[in-house]
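Taking it in order: structure first as structure tokens, then the write-up.
The sequence lines fix the lettering, A, B, ..., with proteins before strands; numbering per chain opens at 1.
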Amino acid sequence: MIPTRRTTPLSYAFYDRDPRKVARALLGKLLIRKLPGKILSGRIVETEAYLGEDDLAAHSAAGKTDRNSILFGPPGYAYVYFIYGNYYCLNVSCLPDGVAGGALFRAMEPVAGINEMAKARGIDLSVAGGAENVALLRRISSGPGRMCEALGVTRERDNGKSFVNTRSDLRIVDDGYRVSHVVVTARIGITKSADRPLRYVIRGNPFVSGARSAHSAQGVID
DNA sequence: GAGGAGATCGTCT
DNA sequence: GACGATCTCCTCT
């Protein structure tokens, strides 16, 4: 599924709105990491919306700190945080400067630079049927921590980076791919405000994360 | 295939 | 000092 169509970078205005709309609209877009001499990319298949100060599960719920200040800044910037001593998670800020909100990238389908991303994850695609083995490909970027590891995203390197600036090495583009059905479920891995339907996944896509809980979670088709 | 628990450390109180 | 927007390994069925 190499993108051959013309791609359009998402604009500042795309992110300058309700995180629920942004999270929903991000599905099907291409997340691109430009590295010297190569490009890594994947199609976004799963996101979550975090609404700001009135959403107890959001990092911004307790107010602005050094850590979460990006969420309170202008839209279209990367908010990267370190979690559980091992993993990074990547968000994009939403809503106007001064209003907290963001969308978390939870899973993507590998599109380009697959071998590099697999290598970064410590996955060997040279085994029998590796490149066509969906179970193996899932392990590359089906989960927030996995995505970041595959794309080499770290807080030191990417926190506060613009998704809109044409010189940024972290971009999101629309290649014309259209999502037919979106399933909306409760968010994963949180305890506060855990029942709010703010997780968005492409229905039937094998690359979404949380397969265990996803089977039992009640989803609403949007 | 499903479920449980440990690893690991930055951030906040 | 406690907790956490996770992942992987291990065990059980």
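- C:dA5 atom C1' lies 13 Å from atom CE of A:Met147, rounded to whole Å.
- The shortest non-hydrogen separation linking A:Met147 to A:Arg106 is SD-C, 3.6 Å.
- As a whole-Å value, the separation of A:Asn86 CG from C:dT6 P is 13 Å.
- Atom-to-atom, CZ of A:Arg139 to C1' of C:dT8 comes out at 9 Å; the value is rounded to the nearest Å.
- A single hydrophobic cluster is seen to contain both A:Tyr81 and A:Tyr87, as judged by linkage of ILVMFWY side chains at heavy-atom distances under 4.5 Å, directly or through other members.
- At the heavy-atom level, A:Arg121 lies under 4.0 Å from the strands shown only through sugar-phosphate atoms.
- Looking at A:Val208 and A:Ile202, their side chains never come closer than 4.5 Å, going by heavy atoms from C-beta outward.
- Spacing between atom CD1 of A:Ile188 and atom P of C:dC7 amounts to 10 Å, rounded to whole angstrom units.
- A:Asn91 comes within contact range of at least one nucleobase, with a heavy-atom separation under 4.0 Å.
- The stacking criteria are not both satisfied for A:Tyr81 over the base of C:dA5, which would need a centre-to-centre distance under 5.5 angstrom and an angle between ring planes under 30 degrees.
- Nucleotides of DNA chain B nearest to A:Arg155 and A:Tyr87 differ in position, and the one nearer the 5' end is that of A:Tyr87.
- Annotation: side chain of A:Thr47 is not in contact with side chain of A:Lys29 (no heavy-atom distance under 4.5 Å).
- The distance between atom CG of A:Asn68 and atom C1' of B:dT11, rounded to the nearest whole Å, is 10 Å.
- Remark: A:Phe105 CZ is packed, more than 12 non-hydrogen atoms of other residues, nucleotides or ligands lying under 6.0 Å away.
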Worksheet item: Checking salt bridge (charged side-chain N to carboxylate O under 4.0 Å, His left out) for the pair A:Asp18/A:Lys21: CA distance, chi angles, key distance, verdict?
Response: CA-CA 5 Å; A:Asp18 189 301; A:Lys21 288 196 171 76; 5.5 Å; no

Practice prompt. For the pair A:Glu109 and A:Arg43, evaluate salt bridge (charged side-chain N to carboxylate O under 4.0 Å, His left out) and give the outcome as yes or no after the intermediate values.
Written response: CA-CA 5 Å; A:Glu109 177 179 347; A:Arg43 192 173 303 286; 5.4 Å; no

N/O to N/O distances under 3.5 Å, protein versus nucleotides 1-4 of chain C:
residue : atom : partner : partner atom : Å
C:dG4   : N2   : A:Tyr84 : N            : 3.2

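- Per the geometry, OH belonging to A:Tyr200 stands 19 Å off P belonging to C:dA5, to the nearest Å.
- Within the 4.0 angstrom heavy-atom criterion, only backbone atoms of the sugar-phosphate kind lie near A:Arg67; the bases stay farther away.
- Nearest heavy-atom pair across A:Leu90 and A:Cys148 is N-SG, 3.6 Å.
- Atom CD1 of A:Ile123 and atom C1' of C:dC9 are 15 Å apart (whole Å).
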Fill in: Pairing annotation in dot-bracket form, given for DNA chain C with Watson-Crick or G-U pairs under 3.5 Å and | for cross-strand partners
||||.|||||||.

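- With rounding to whole Å, A:Arg146 atom CZ is found 4 Å from C:dT8 atom P.
- The heavy-atom pair separating A:Asp55 from A:Arg187 by the smallest distance is OD2-NH1, 2.7 Å.
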